[in-house]
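One structure below.
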Amino acid sequence: MTLTGVDYFSTLSYLPAIAVLTAGALSPVATLLIVILTLGGMLPMYRRIAKESPHGQGSVAMLERLLPFWRGKIFVLVLLGFVATSWIITITLSSSDATVHLLENPLVPDFLGGHAVAVTVVLLLILGGVFLLGFKEAVNVAIPLVAVFLALNAVIIAVAATAIIAEPAAFAGWLDRLTASGNDATDVLRTAVIAFPLLVLGLSGFETGVSMMPLIKSEGFTEYQVLASRTRNTRKLLTSAAVIMSVYLLATSVVTTVLIPERQFDEGGEANGRALAFLAHEYLGNTFGTVYDISSVLILWFAGASAMTGLINIVPRYLPSYGMAPEWSRAIRPVVLVYTGVSIIITIAFGADVNAQAGAYATGILAMMVSGSVAVTISAIHKKQRAGRIGFTILTLVLLYALIANIIEKPDGIAISGLFIAAIVAVSLISRVYRATELRVETINFDVGARRIIAEVLEKDGELNIIANRRRTGDLAEYAEKEASQRAMNPVPATATVVFLEVTVSDPSSFGQTLDVRGHTNQGYNILRVDSPAVPNAIAAILLALRDVTGVRPQCHFEWAEGNPIVYMFRFLLFGRGDTAPLVREILREAEKDPAARPSIHVGG
């Protein structure tokens, strides 16, 4: 919970000030709206996502299942663009805000003034260094940071509440501000709704909580029991964090609105972006205030830890399996180095300016929340759950309103998200092309029929002559014609028994998978059939597997394809079929460097 909380709870450092700036005296009402949405909408939504995606892939995996083939892959890439936007900007914005708190403290040396970018880069490097050590070290850092930060905030709230009780005039003054402009119920609601999109930053943390499910302790003897235990514990995590945060949000909103003059929240004011720090210095002295500033700096700096954890856990689950990233991207340390480098580039590009990054931050968070609400709404519809369907539909509309309002207010946010999406799509497609000639097969299983065919042919001939065939009708005439043409154009021994190998394209957008080879006999013709995302890769993998199992180099026979090779190249990349013979040869050449051990390819026509 603390690893999630360094992002979630750290918003207390700046959210109360944002609430007053946007809603004025109505700040507690606007914050109450956020709390209601948290407990009544976001918490049930993510508790359901945790149940339906227990491996930590979240709403992305739920939506991926709804869209097959390339549509699903492109959709996931777009969602990952928003995920990357949210979590990368979380890292850079939080570190930049930590720098602001650090440099505004009166005890900080003057020579650091004007060097916000350099200070932020140092914080990012230290954060990346913690993750290079490992997850356990990151958690060990998060626990005391969150515990101390929440304890200090509790002290500030208690002292501030005591001050309000001791000074009834402050509370009366707040009531006067509420009634001064003649606010009726409609005005109150309107102001709260307008402020809501900006206060939605207080909802960040749920998605990272779900993404960390693989790290959560679980018990059981079967996979079902383990996943059920993990889901229960994740729900405890989400509920605990939501309840704690809701109490703190309401309490901090009330004390900051009542006790701090509104002019102090304006740009240049002492409470701008640091309302609770203002109260700490004002009511508890500079010593306690400095301790609170240090705690705020540390938790804001480490808020990037939960985002880094989310990126480490969710992005590598998709791109490498799509063939859209190198295999090393599954490893933690190389990925941490990449994300840290990207964060430093973004920090320099934005000059470590918190406000400049706020639009992209909110856009990414809201897009992730909308995807989650859409996913659970569709799930409720499919399961015919009327209450869930209505409730999650309302939640989707509320979040869509917030997203659209944020885009209108800060269009730079969607522009930055667009850059992330374009970068992910471009890198993914380049990687997919680069990795196109890999074997792309994890395991090959031969059923009883396939093993019988192979054993009988080897016993009779002592060799394996494979004919690649794209099945059309599957009748005797097709096999007779194919065998005759191959014997005429390729060096198939006259007395050899041939085996037809047929690959049916399943989902060409997939990458690696397990191949289940099935054996069939059709009136004397021996046939091996398999489903695969790509024909050439499956044939190459099966030929190598046959060589390894039997100790015999298979002889595989093809016919040259008729058509434009460029067209065939795109057909292979998009639909899993192309000019099969040269592709099989190239895949085998890359997989087996020794020509003498490589299955032989014969092409005629």
Side-chain angles (χ1 to χ4, degrees), residues 33-34 36-87 193 196-197 200-211 213 231 234-235 238 242 310 313-315 317-318 322 360-408 413-414 417-418 420-421 424-425 509:
L33 183 64
I34 291 292
I36 292 172
L37 182 66
T38 296
L39 300 178
M42 304 304 296
L43 181 58
M45 179 179 86
Y46 278 103
R47 283 171 61 93
R48 182 165 188 144
I49 289 174
K51 180 180 180 180
E52 300 198 16
S53 184
H55 296 288
Q57 294 165 307
S59 58
V60 178
M62 294 175 64
L63 291 171
E64 181 192 25
R65 293 193 290 266
L66 301 174
L67 295 172
F69 304 108
W70 283 109
R71 287 176 296 167
K73 303 298 185 293
I74 298 299
F75 182 74
V76 168
L77 290 179
V78 172
L79 281 183
L80 289 180
F82 284 111
V83 169
T85 301
S86 173
W87 285 341
V193 169
F196 165 69
V200 79
L201 300 181
L203 299 176
S204 65
F206 280 104
E207 191 77 27
T208 48
V210 171
S211 72
M213 287 188 72
T231 299
T234 302
R235 288 180 160 189
L238 296 172
N313 277 301
I314 195 168
V315 174
R317 291 173 181 269
Y318 290 97
Y322 292 174
Y361 181 52
T363 299
I365 289 174
L366 285 167
M368 291 165 61
M369 292 177 179
V370 169
S371 72
S373 63
V374 169
V376 296
T377 301
I378 295 173
S379 173
I381 291 173
H382 284 174
K383 295 181 179 180
K384 298 180 180 180
Q385 298 170 335
R386 186 170 181 272
R389 182 174 69 247
I390 296 173
F392 289 130
T393 298
I394 294 173
L395 177 62
T396 301
L397 294 175
V398 170
L399 293 175
L400 272 174
Y401 154 74
L403 176 60
I404 294 171
N406 181 77
I407 291 174
I408 294 173
I414 193 66
S417 296
F420 273 97
I421 293 169
I424 286 179
V425 171
S509 65

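Throughout, residue positions are numbered sequentially from 1 according to the sequence presented. Small disclaimer: the values here were computed from a predicted structure and weren't measured. All values below come from the heavy atoms of this structure, side chains included, with hydrogens, waters and symmetry mates left out.
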Completion exercise
What one should report as the nearest heavy-atom pair of M42 and L395 is SD-CD1, 4.2 Å
Practice task
Quick one: pull up CE in M368 and CG in L80 and give me the separation to the nearest 0.5 Å.
Solution key: 10.0 Å
Exercise for the section: Can you see which heavy atom on G40 is nearest to which on P44, and at what distance? Expected result: O-CG, 3.6 Å
Problem - Any T231 side-chain heavy atom under 4.5 Å of M213 side chain - result: yes
Practice task
Taking the side chain as every heavy atom from C-beta outward, state whether I421 and T85 have any pair of such atoms under 4.5 Å apart.
Solution key: no
Exercise for the section: Grab the two heavy atoms, one from S86 and one from G364, that are nearest each other, plus how far apart they are. Expected result: CB-C, 3.6 Å
Problem - Min side-chain heavy-atom separation R48-K51 under 4.5 Å - result: no
Practice task
To the nearest 0.5 angstrom, please state how far the CG atom of N406 sits from the OG1 atom of T363.
Solution key: 4.0 Å
Handout entry: Flag for T396-T377: side-chain donor and acceptor within less than 3.5 Å
Key = yes
Exercise for the section: Measure across L366 and L399 and return the closest heavy-atom pair with its distance rounded to 0.1 Å. Expected result: CD2-O, 4.4 Å
Problem - CA sep, side-chain torsions, deciding dist, call: V376, E52, side chain to side chain contact (heavy atoms under 4.5 Å, CB included) - result: CA-CA 9 Å; V376 296; E52 300 198 16; over 6 Å; no
Practice task
Indicate yes or no: at least one non-hydrogen side-chain atom of F82 is less than 4.5 angstrom from one of M369.
Solution key: no
Handout entry: R389 side-chain N/O to A380 backbone N/O, donor-acceptor pair under 3.5 Å
Key = no
Handout entry: Non-hydrogen atoms of A84 and F420 that approach each other most closely
Key = CB-CD2, 4.1 Å
Practice task
Please name the pair of heavy atoms, one in L403 and one in A367, separated by the smallest distance, quoted to 0.1 Å.
Solution key: CD1-N, 4.2 Å
Practice task
Decide yes or no for F392 and Q385: does some side-chain heavy atom of the first lie under 4.5 Å from some side-chain heavy atom of the second?
Solution key: no
